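All values reported here derive from a predicted model rather than from experimental measurement. Lettering of chains follows the sequences in order, A, B, ..., and the numbering in each one begins at 1.
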Amino acid sequence: MDARELIARRAAQEFKDGFVVNLGFGIPVQAAAYIPEGVEVILQAENGILRFETVTKLGEEDPYTSDAACQPTRVLPGGSTFDIATSFAFIRGGHVDATILGALEVDQEGNIANWALPIAPGKYSPGMGGAMDLLVGARKVICTLQHTDKKGRSKILKKCTLPLSAAKAVDLIITELAVMEVTPSGLYLREVAPGVTVDQVKAVTEADLVVEGPIPEMKL
Amino acid sequence: MDARELIARRAAQEFKDGFVVNLGFGIPVQAAAYIPEGVEVILQAENGILRFETVTKLGEEDPYTSDAACQPTRVLPGGSTFDIATSFAFIRGGHVDATILGALEVDQEGNIANWALPIAPGKYSPGMGGAMDLLVGARKVICTLQHTDKKGRSKILKKCTLPLSAAKAVDLIITELAVMEVTPSGLYLREVAPGVTVDQVKAVTEADLVVEGPIPEMKL
Amino acid sequence: MKSKEIAMDEALSHIKDGMTLMIGGFIGNNEPIAAIDRLMELGVKDLTLIAVVNAYPGGGFGLGKLIENHQVKKFIGSHIGTCPAAVEQYKNGELEVEYYPQGTMIEKIRAGGAGLGGILTPTGVGTLMEEGKQKITLNGREYLLETAVRADVAIIRGYKADTMGNILYRGTPSSNPIMALAADYVIAEVDYVVEPGELEPDRIGTPGILVDAVVKGYGEEKTREIYRQLWAKKLA
Amino acid sequence: MKSKEIAMDEALSHIKDGMTLMIGGFIGNNEPIAAIDRLMELGVKDLTLIAVVNAYPGGGFGLGKLIENHQVKKFIGSHIGTCPAAVEQYKNGELEVEYYPQGTMIEKIRAGGAGLGGILTPTGVGTLMEEGKQKITLNGREYLLETAVRADVAIIRGYKADTMGNILYRGTPSSNPIMALAADYVIAEVDYVVEPGELEPDRIGTPGILVDAVVKGYGEEKTREIYRQLWAKKLA
C-alpha cells in the first residue's frame, strides 16, 4: 500500500456515524472510499451541497450540479443544495463536524500552512479557497500529509515557516508514519504505522514529539 | 374627506411605476388604496414577501402566508417569499425604492421619532420593529402624520424631543395641511392642502419653514 | 441513520429554567404554536426569549402566551407593542426588554449561526441604539458594531420535514431558517414527516444537519382552522 | 410592466472598460458562460473581476477566458490556482490579485448587497489576512473586520426567469443569489424565460426587483452538451 492510500485509510477511521464532513482535494477525498462499514457520513462541499455522490458517471450527470472541484455530482436522498454564503455559515458556524485537509507544513502548536507558496516577492499562489474558513470553523480538524518532503525534510515542524492558513487549528495529524495529536501540553505521538518504530518517526520529525507509554500500531 | 384620507391620497401620488415600496401601518397602508391609474407598485413587507394581496378574504387565505401585520395574504403572480434576513438585506441594501412611515415627531433636518414613547423611566414602548432599517435603507423616505397633536401642538419641529428612530432620514413630509421637503438648505413648503393658506400652515408649524415663490395646492 | 422525529415532550425536555430560547416566526405567522402551547403547560420559567417581534397583535396566541403565563424574564427583539402583557410587565419591572431594530436583530442571529463575531450596520446611528456600542467609520459613513447572539434552544416552524431533519417551509418562513443555525439544540415543529428523498433538494430551506429534533405540530387541517379563527376576529 | 428580457449585447453594453464586474458561479459550475463568451468578443478591458474562485481547473472555460484574453487587470477572490493564465499574469505583474478566504469573500459581497459596512470573522486571524485590517476582540476571541464590497455590474446564472426578472436556480447556485444584491446593474443569464406566475413563489431564489436584465444563455440542451464535453476530459 502506498503512502497516500495508507494515510487515506487511517484518516477514514476518524469518521463517526452521522458526522458532517468536508474533505479537501487529494488524500482527504480519497479517504471517502475507506469509510468503515456501518458508518454513514454526510459530505459537505463548500460550493453549497450536502449528501452527494462522490462519483457521478457521465450520462447521469446534471449540468447545473457540481461538487467543489466543479465535477459532476448528484444529490443523494436527504441531500440538499444552497447558496455559498449559507454553505460557509455552516462551515464557520460550527455545523461541520470534521474536515480533513492537506498541508504543506504543520507544527506542534497546531498551526498550519496549506496554500501560500511564494511565486514572486510578496506574491503567493494558488489562494486559500475555503481552507481557512474550514480550519477555523470545523469542530475537528484532521491534517493529512506525507511526513517529509521530497528531500526528506520533516513537514511536522516546531514552527511553520510558510505563511499560516490558521493558527492553532489542527487537532490531529496523520502521515504515512504516524498519528499525532495536538494538545495544550504538546504534540503527542498516538500511533505508528505498521512496521514503523517510534525512533524512526522521531528521526524524521522536527517537532518536539511527546511519547508516553507504549505507542500502538495503526489498525488499517 | 378626513385628515387621514387626505394624507393617504396625497402620499399615493409619490408612487412611481415599478417602485418597490414598503408601507408602515395606518395611513401608509391606506395609501395603497389610492395608487394612481397606470402606476404599478411592488409591495414589500419586512417579514419576507414581495407582490402580495392587500386584502385576502377568509376562505381564500393560506395559513402559512401573512403580511407584516400577520394578516392573511397571498402572493400575486411574479411575487415571492423569502426569509427575513434576506428581506432586510433588501431594505438596508437600497433595494426598496420608497417607504411611507408614520411619525410621532419629525424635524426640519429630517430627523424622525416614530416609536419610543416613554412608559417608565428609561423605558420605551412599543419597539422600533423594522422602521429604523427602513428609514436608513429605503431610497426615499416619506413621512405621513397629522400636522399637530390632540392639543394642537406642532409635530413638525425645529428639533425632535423624543428619542430618534433615525437621523436625517426623511425626504418628504405629508400632513393634512401641507407637503414639505427636507433639503440641505432647510425645510421647504412645497404644497398646501386645498383651502389652506401658507400662513395657516406657518401658524401650526414650529419648524422654520422655507417658503419660496407661490405655493401650489395639493392635487388630490 | 436514526429518525430525528421524536415525541414533543422529549424534545421540549431540553428547555430548562433560565435558558435562552429562540422562537421562529413573525407575530404569530409560522410560529411553532403546538410546541409553545405545550411549553406553557410544562411551566419552564425564567426564560430569555429571543424573537424578531412579539405576540400576534393583542396577544393570547403563540409566543405571547409564554409572556402572559409569566415564563419569560427577559425579551430580546424589535417590538413588544403587540403584546399587552409584555408592555405591562416591562412597565412594572417584571420583564426586562432589550430592543434591536428588526434588521439588526436578525443579522445578530445570523452572525451567531454563521460563526461571525458581529456585523456593522448603519441602522441606529444617531439614536438610542448607540448606547454602549462601538461606532466604526468606514469611507466616511458611520456604523454600529452589533454582536452575534445565540440561544440554548431554538424552536422553529416548518411545513414538512423528512426523518433526517431536512425542513421545507411554506409561505413566509421569516426568522425560522435563520434561527435554525443559531442554537445548540434545534427543534423543528412541522405538519408532515416524510421519508428522505421525498423533499426536493432545491426546496429544502434548512438541511437536516442543523436540526436535532423533528416534532409533529397540529397538522395542516387544524393549523388552517386555528388561523382562520384567529383571522376571523378583526384586529383592533 | 415592461419585460426585463433584452438582447445580450444590450445588457453587456453596461460593462465598460475599467469597471468592477462580479461573475457568479463556482470554477465553471453555474457560470454565465454565454455572456462571458460574448464579453470576450466585445473586448471590454481593464476589468476588476470579483468571483469567489477562478476558472474551471486548467482554464479555457467560463471566466478563465477573460483572463486568458487579457481583459482583467485585477482579480479579487479566494483562489487563482485553477487558472494557469492567472498564475502566470500574477507572477509577471500583469494581473493584480487580492485574496480573501472564500467564506470571507462571500460575506463581503453579501454585506455589500445587504447595506452592511462589513462583518467580523474569526477566519484569517493570525495569518497574512490581518495585514491592514482592524482586529476586534469580543468576549476574548479575535476577529478581523472585513468590509463590504460591491460591483458596477454583476452577471449571474439562473435556470429560469420570468419577464419580471424573478430567477429560479437549479443545482448548486453557489455565489449567484448573493451577487444579485451587490451590483448597480444585474444581468441574469438563464436558459428559459417564462411568464410571471409560472415560477413557484417559494422557489424563486432571486426576486425580480434585484435584476435589471434577463438574457438568454445557450439553453438547456447546449448547456448539457458543453458540460458533458468539459467533464469528458479528465481533470489533471
Region of [X] that comes under 4.5 Å of a non-hydrogen atom in chain B:
X	value
C:Pro122	both
C:Tyr100	backbone
C:Ile178	side chain

So which of [options] has the largest heavy-atom pair count under 4.5 angstrom toward chain C?
options	result
B:Gly48, B:Ala167, B:Ser125	B:Ser125
B:Ile119, B:Ile49, B:Ile91, B:Leu134	B:Ile119
B:Ala131, B:Ala113, B:Gly130	B:Gly130
B:Gly129, B:Gly137, B:Pro121	B:Gly129

Please classify the contact between [X] and chain C as side chain, backbone, both or neither, with a heavy-atom cut-off of under 4.5 Å.
X	value
B:Ala85	both
B:Phe88	side chain
B:Thr86	neither

| With ring centroids as reference points, do B:Phe82 and B:Phe90 lie under 6.0 angstrom apart? | yes
| field | Which atom of B:Cys160 lies closest to which atom of B:Asn111, heavy atoms considered | value | SG-O, 3.6 Å
| query | What residue in C:Cys83, C:Pro173, C:Gly25, C:Gly205 has the most heavy-atom pairs under 4.5 Å with chain B? | reply | C:Pro173
